[in-house]
Amino acid sequence: MKKRRMDPIPPPLAVPAVKRRVRPEKDWEAKLAGLRRAGLWRSMREIQSSQGPEVNLNGRKVVMLCSNNYLGLAGHPALRSAAIRAVERYGVGSSGARLISGAMSPHKQLEERLAAFKRAPAALVYNSGYHANLGLLQALTGPDDVVFSDELNHASIIDGCRLSRARIMVYRHGDMDHLESLLRRVRTKKKLVVTDTVFGMDGDLAHLPELVHLSEHHGARLMVDEAHATGVFGPRGGGLAEEFGLQHRIPIQMGTLGKALGCFGAYVAGSRALIDLLINTSRSFIFTTALPPAVCAAAIAAIDLVEKGTALRERLWSRVRQYTRGLTALGVDAQPQSPILPIVLGENARVMRTCESLLGRGVFAQGIRYPTVPKGTARLRTSLMATHTRDHIRTVLTALKAVLNQA
């Protein structure tokens, strides 16, 4: 059989020069200059250690006060060992999307473990909470649907709503009367209520029993984002839905693996029909290379630790109480509902000065500004871990006392 001759790669085409070249850098630099003038310039700080109650930041050891590692599991030996064993058996990467390259055993094992953890018939793993919310809302709603969204929902929910092409009705934060008035106004049968259960920048909780009641009464589906609640709330760490005993009345439960569980990725838990629909129609699942198997193995180990007992959660809440007493003594209005306790300072410049002053005193508490939070509500978003010691909290409070008086 005659071999087919392979044509050589053609030489690159010569691109003729033009007198006026487009220089997008000028536009980019102008936008960056605008951000600087508005006090909204951001840069990333390099952490040179594992994520724990203390981290090495630019060569200095500082108390970490702005992490979502609520139970301190990100560096736990059990998670490290599970990840190492998975790398040795399955390698590093998953090589492609699961519908093309296949679902590796750790993906299936994690989904089975998550379904049991959430007391749901089935679960599906996504690569991040952002992927999950975009993929859920895109797959489950469309132009004939109406989505009712809390005004302080996470950006991934907001963007998922936009991508869905559904009609969006935003209700005032936590205002159940406003939500009910909107639900009464809409007559379509295709209604979805979506909310965070713990709001990541304020630390307050959704009114979950009322949300369940209103959704059922008005024929709407309810979708909850348990990102900041998973591992922290509930007798087994299953989230706020478990805390209120409402798992079986919430058809769509989403959460993340990268906060209290100390890993990476996200999940959706619900009926078998829901999960099958997502596998077949959720674009952020279908067109994404799957999580590395080691991440899945570590997440399973994290769930095992969370379910094993209440010691980590009890220690976390003990630190929250200690910190709250200290903040109150400093004149900060602290009304904790979660491990997230914001210190609202209002002005962008003031927040960032305070952040830098705290760093100088060995405490890392990141300043949060618009658009992450509404204009005029810039804050230090402080959050606690079970692995913080009482001495860590005392160090933080001493530093805050000094810098808040100066800010």
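- When every heavy atom of Val363 is checked against every heavy atom of Val62, the shortest pair comes out as N-CB, 4.3 Å.
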Apply salt bridge (charged side-chain N to carboxylate O under 4.0 Å, His left out) to Arg321 and Glu314, showing your working. CA-CA 11 Å; Arg321 289 190 293 271; Glu314 289 172 357; over 6 Å; no

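- Note: Leu211 CG to Met223 CE = 13.0 Å, rounded to the nearest 0.5 Å.
- The salt bridge (Lys or Arg N to Asp or Glu O under 4.0 Å) analysis of residues 323-335, with sequence neighbours excluded, yields no pairs.
- Between the side chains of Ser164 and Arg162, no donor-acceptor pair of N or O atoms lies under 3.5 Å.
- Under 3.5 Å, the side chains of Gln138 and Arg165 contain no donor-acceptor pair of N or O atoms.
- The heavy-atom pair separating Phe199 from Ile340 by the smallest distance is O-CD1, 4.2 Å.
- Smallest separation of non-hydrogen atoms from Cys161 and Val194: SG-CG1, 4.5 Å.
- Between the side chains of Gln109 and Ser105, no donor N or O sits under 3.5 Å from an acceptor N or O.
- Side-chain polar atoms of Thr230 and Tyr267 form a donor-acceptor pair below 3.5 angstrom.
- To the nearest 0.5 angstrom, Lys375 atom NZ is 8.5 Å from Leu40 atom CG.
- Counting heavy atoms from C-beta on, the side chains of Arg319 and Ile393 come closer than 4.5 Å.
- Looking at heavy atoms from C-beta onward, Asp144 lies in side-chain contact with Lys190 at the 4.5 angstrom threshold.
- Note on Asp150 versus Arg172: no salt bridge recorded, every NZ/NE/NH1/NH2 to OD/OE distance being 4.0 Å or above.
- Residue-environment remark: CZ (Arg187) stays at or below the threshold of 12 foreign heavy atoms within 6.0 Å.
- In this structure, the side chains of Lys191 and Asp145 stay at 4.5 Å or more apart for every pair of heavy atoms.
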Between Leu192 and Leu137, is a side chain to side chain contact (heavy atoms under 4.5 Å, CB included) present by the stated rule, with each step listed? CA-CA 9 Å; Leu192 175 71; Leu137 289 157; 3.6 Å; yes

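- Salt-bridge annotation for Glu307 and Arg113: present, with a side-chain N of the basic residue lying under 4.0 Å from a carboxylate O of the acidic one.
- Remark: Glu151 CD is packed, more than 12 non-hydrogen atoms of other residues, nucleotides or ligands lying under 6.0 Å away.
- Atom CG of Leu32 is separated from atom CZ of Arg37 by 10.5 Å, given to the nearest 0.5 angstrom.
- Using modelled atom types and a 3.5 Å distance limit, the side chains of Thr395 and His392 yield no donor-acceptor pair.
- A heavy-atom distance below 4.5 Å is not found between the side chains of Thr256 and Ser128.
- Contact check for Thr377 versus Pro374: side-chain heavy atoms found under the 4.5 Å cut-off.
- Atom NE2 of His207 sits about 13.0 Å away from atom OG1 of Thr197, to the nearest 0.5 Å.
- Between Tyr70 and Trp317, the gap from one ring centroid to the other reaches at least 6.0 Å.
- Between Pro339 and Leu316, the closest heavy-atom pair is CG-CD2, 3.6 Å.
- Side-chain atoms of Arg369 come within 3.5 Å of backbone N or O of Trp41 as a donor-acceptor pair.
- Side chains of Val396 and Tyr323 form a contact here, defined as non-hydrogen atoms less than 4.5 Å apart.
- Between the side chain of Gln51 and the backbone N or O of Gly75, no donor-acceptor pair lies under 3.5 Å.
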How far apart are the C-alpha atoms of Leu400 and Val332, what are their side-chain angles, what is the distance that settles it, and do they pass the side chain to side chain contact (heavy atoms under 4.5 Å, CB included) test? CA-CA 10 Å; Leu400 282 170; Val332 177; over 6 Å; no

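- Shown here is Arg272, whose CZ atom has more than 12 heavy atoms of other residues, nucleotides or ligands within 6.0 Å.
- Remark: the Asn153 side chain and the Asp225 side chain contain no N/O donor-acceptor pair separated by less than 3.5 Å.
- The two atoms that bring Leu341 and Pro336 nearest to each other are CD2-CB, 3.7 Å, heavy atoms only.
- The pair Glu46-Arg60 does not meet the salt-bridge criterion, since no charged nitrogen lies less than 4.0 angstrom from a carboxylate oxygen.
- Under 3.5 Å, the side chains of Asp202 and His173 contain no donor-acceptor pair of N or O atoms.
- In this model, a donor atom of one side chain and an acceptor atom of the other lie less than 3.5 Å apart for Asn133 and Ser156.
- Within 6.0 Å of atom CZ in Arg89, 12 or fewer heavy atoms from other residues, nucleotides or ligands are found, so the atom counts as exposed in its surroundings.
- Looking only at side-chain heavy atoms (C-beta outward), Gln253 and Leu222 stay at 4.5 Å or farther from each other.
- Taking a cutoff of 4.0 Å between a charged side-chain nitrogen and a carboxylate oxygen, Arg184 and Glu180 qualify as a salt bridge.
- Going from atom CG of Leu136 over to atom CD1 of Ile157 covers 9.5 Å, rounded to the nearest 0.5 Å.
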Would you check, one step at a time, whether the test side chain to side chain contact (heavy atoms under 4.5 Å, CB included) holds for Ile368 with Leu380? CA-CA 6 Å; Ile368 306 295; Leu380 297 173; over 6 Å; no

Evaluation steps, side chain to side chain contact (heavy atoms under 4.5 Å, CB included), between Leu384 and Gln322: CA-CA 11 Å; Leu384 301 184; Gln322 179 192 358; over 6 Å; no

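- With no hydrogens or angles considered, no side-chain donor-acceptor pair links His178 and Ser181 at under 3.5 Å.
- No side-chain heavy atom of Leu214 sits under 4.5 Å from any side-chain heavy atom of Val193.
- At distances below 3.5 Å, at least one donor-acceptor pair connects side-chain atoms of Asp196 with backbone N or O atoms of His154.
- Annotation for Arg167: atom CZ does not count as buried by contact number, only 12 or fewer foreign heavy atoms lying within 6.0 Å.
- Side-chain N or O atoms of Arg381 include none that pairs as donor or acceptor with a backbone N or O of Ala365 at under 3.5 Å.
- Looking at Lys118 and Glu242, no side-chain N of the basic residue comes within less than 4.0 Å of a carboxylate O on the acidic one, giving no salt bridge.
- Interatomic distance, Asn280 CG to Asp276 CG, rounded to the nearest 0.5 Å: 7.0 Å.
- Scanning both residues, Ala74 and Asn69, for their nearest heavy atoms gives N-OD1, 3.1 Å.
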